[in-house]
Amino acid sequence: MPAVLDNPVHPSVREFLSRKIHKLLIGGEWREALSGKIFDTYNPATGDVIAHVAEANQSDVDLAVKSAQKALEGPWSKATPAEREKLLWKLADLVDKNAEELAQLETLNNGKPIRESLKGDLPLASSLMRYFAGWPTKIHGETTPVSVPYAPGARFLHYTVREPLGVVGAIIPWNFPLLMAIERLAPALACGNAFILKPAEQTPLSALRLGELVLEAGFPAGVVNILPGFGPGAGAAMASHPEIDKITFTGSTEVGREIVKASTGNLKRLSLELGGKSPNIVFADADLDAAAKGMFMGIFYNQGQCCSAGSRVFVERSKFDEMVSKLSERAKTVRQGPGLDPKTQMGPLVSEEQKKRVLAYIDSGRKEGAKLLSGGAPGAGKGFFVEPTVFADVKDEMKIAREEIFGPVVCVMPFESADEAVRRANLTRYGLVAGVWTKDVKKAHQMAASIKAGTVWINCYHFVDAAAPWGGYKESGWGREKGPYAIEHYTELKSVWVDLN
Ligand code: NAI
Ligand code: MG
């Protein structure tokens, strides 16, 4: 039975959590795992078990692939683009209709403050769904004027067609569970693929509720399959599956490499959205109040568990002391607590494992001689809390300045010139995002041109939209999600020649 919840929750959330076991969605039906295995899922604010979930493994993945293929051979390939649009739009409406419940589930399972799940994750998720709902009727090929040098005078009609890839598997992490699920599901289905989702083992609940909404929206059986389970089990089975045509993966760079290796059997398509160690650069001529907010939110949003966290803050020397103290003083006032409490500003980390990992980084920062200005300790209580932590006197070579911490820990470092800022910003194996704060337009664009990152935010941070591409340079990944760029990744391009001679 789920533990008693301290804060009131929606009756339907209570009902959802009271189920004895949460099953896998395969072929339009809720089924136990073939092995009969289940695993526990937790409320990170208390450490209590809140639900038991069926654990998918290889044989469940096989079954899901078969039902996905059946859907592709049958009703799903017959659905017109307009029908796919309608279904996606309907699902977006259902997500909105159930937003409060989904947000509470997300907060209970992930820990994030309810304001963030309700005002951030949920509206972004349904807007993504609607953006991609608009695509099916606009995915088209082109006619191409061809001239064949070895067939002088020959005439051809040449055209291209964009077709679905087939079965798309998504392996996603726990930091934005529902948002990531929808970010992958929406373009995959818009392009006519069938979809198998493996949510992270830490946060399966919102994806399972989404599965119920998928059925309510009326998608044909097997178009969407949801398989909670672990990385080495269901995840690895998907990555190496000979009949899964594409994997879209978000998570650690380390597992990204495993996915690449596992994909070589059938050379499946991959898109990878991996780690980051992103620079957030504040020039002395910036609007310093806005920059202070951007520094704070850049690192502490979602408890620092963002691939795009601004975890290396560089401040121009003349304003360094002022900005560092602004950031550390504000960090000291953050109200931590359970995400469901509306007064909470920062929730727990997602798991005991993440808490230990982040505390170990804080320890290493101390040992390597960085100066701890605020935080540095676990929060009170049984939950997986870590205080918002600010380090100064950090050297570029220190572990805390090089590795992705994925928690509320920031390194703040001074710089003397724009050239130095660029050089040090790029001194990383990652290249996901960067922030630049300055009122000088020329400098802002010079920085944007020089930093090797998939996204550069000028005088803002953490803005994303369904239409704007998202992905990384270097070891931050392969490909771009969102926007029209996603459509290319979820389709094959066919070239057709017709002899007109
Ligand atoms: P992870 O990369 O192990 O897990 C992400 C997803 O991959 C989960 O669904 C997991 O079950 C799956 N997975 C794990 N091993 C797999 C395998 N061998 N084959 C197929 N799927 C597999 O990330 P984890 O362990 O949760 O967090 C570790 C670190 O990864 C974090 O501290 C952070 O640095 C980074 N990370 C980055 C994220 C991002 O958004 N870029 C998200 C989550 C974690
Ligand atoms: Mg892992």
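These figures come from a predicted structure and were not determined experimentally. Each ligand, and each atom within it, is numbered from 1 in the order the structure gives.
- Scanning the protein heavy atoms around atom 27 (O) of ligand 1, the nearest turns out to be Arg357 NH1, 3.4 Å.
- Taking every heavy atom of Thr250 and a limit of under 4.0 angstrom, the matching atoms of ligand 1 come to 5 (C), 40 (O).
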Verdict with reasoning, Glu55 to Ser35, per side-chain hydrogen bond (donor to acceptor under 3.5 Å, both in side chains) = CA-CA 8 Å; Glu55 180 191 326; Ser35 66; over 6 Å; no
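- For Leu274, every heavy-atom contact with ligand 1 shorter than 4.0 Å involves the backbone, none the side chain.
- In summary, Glu488 and Arg480 do not engage in a salt bridge, as defined by a charged side-chain N under 4.0 Å from a carboxylate O.
- Residue, atom and distance of the protein heavy atom nearest to atom 26 (O) of ligand 1 are Trp174 NE1, 2.6 Å.
- With hydrogens left out, the protein atom closest to atom 21 (N) of ligand 1 is Gly235 CA, 3.6 Å, a heavy atom.
- The existence of a salt bridge linking Lys66 and Glu243 is excluded, since no basic side-chain nitrogen approaches an acidic carboxylate oxygen closer than 4.0 Å.
- The backbone of Ile172, and not its side chain, has at least one atom closer than 4.0 Å to an atom of ligand 1 (non-hydrogen atoms only; backbone = N, CA, C, O).
- Only one option out of Leu185, Leu213, Leu210 pairs with Val224 in a side-chain contact (heavy atoms from CB on, under 4.5 Å); it is Leu185.
- Listed for the Asn110 side chain is no donor-acceptor partner under 3.5 Å among the backbone atoms of Thr203.
- The minimum heavy-atom distance linking Lys399 with Ser364 is given by the pair CB-OG, 3.8 Å.
- Surrounding NZ of Lys119 are at most 12 heavy atoms belonging to other residues, nucleotides or ligands under 6.0 Å away.
- For atom 34 (O) of ligand 1, the closest non-hydrogen atom on the protein side is Glu404 OE1, 2.7 Å.
- Looking at Val433, Ile281, Val436 one by one, the single match for side-chain contact (heavy atoms from CB on, under 4.5 Å) with Val456 turns out to be Val436.
- In terms of N/O distances under 3.5 Å, ligand 1 is approached by Gly231.
- Residue contacts with ligand 1 do not include Ala239, since none of its heavy atoms lies under 4.0 Å from the ligand.
- The shortest N or O to N or O distance between Glu353 and ligand 1 is not under 3.5 Å.
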ring-ring contact (aromatic ring centres under 6.0 Å, His included) between Phe406 and Trp174: does it pass, once the steps are laid out?
-> CA-CA 12 Å; Phe406 226 65; Trp174 39 261; 5.4 Å; yes
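- A salt bridge links Asp48 to Lys382: at least one charged side-chain nitrogen sits closer than 4.0 Å to a carboxylate oxygen.
- The one candidate from Lys356, Lys355, Arg357 that meets the salt bridge (charged side-chain N to carboxylate O under 4.0 Å, His left out) condition with Glu353 is Arg357.
- At least one donor-acceptor pair closer than 3.5 Å links the side chain of Trp457 to the backbone N or O of Phe463.
- Using a 4.0 Å cutoff on heavy atoms, Gln354 counts as a contact of ligand 1.
- Inclusion of Glu258 in the set of residues having an N or O under 3.5 Å from an N or O of ligand 1 is not warranted.
- Protein heavy atom nearest atom 44 (C) of ligand 1, with residue, atom name and distance: Phe406 CE2, 3.8 Å.
- In this structure, atom 2 (O) of ligand 1 lies nearest to the protein heavy atom Ser252 OG, 2.7 Å.
- For Gln305, no heavy-atom contact with ligand 1 is shorter than 4.0 Å.
- For ligand 1, the atoms sitting less than 4.0 Å from at least one non-hydrogen atom of Ile259 are 20 (C), numbered in the order shown with element in parentheses.
- The protein heavy-atom contact nearest to atom 39 (C) of ligand 1 is Cys307 CB, 3.5 Å.
- Among all protein heavy atoms, the one lying closest to atom 43 (C) of ligand 1 is Pro173 CB, 3.4 Å.
- Heavy-atom separations between Phe249 and ligand 1 include at least one value shorter than 4.0 Å.
- Here Glu254 has no heavy atoms under 4.0 Å from ligand 1, in either its backbone or its side chain.
- The contact set between ligand 1 and Glu201, taken as ligand atoms under 4.0 Å from a residue heavy atom, comprises 8 (C), 10 (C), 11 (O).
- The pair Glu368-Lys395 does not meet the salt-bridge criterion, since no charged nitrogen lies less than 4.0 angstrom from a carboxylate oxygen.
- Distance remark: protein heavy atom not present below 4.0 angstrom from atom 4 (O) of ligand 1.
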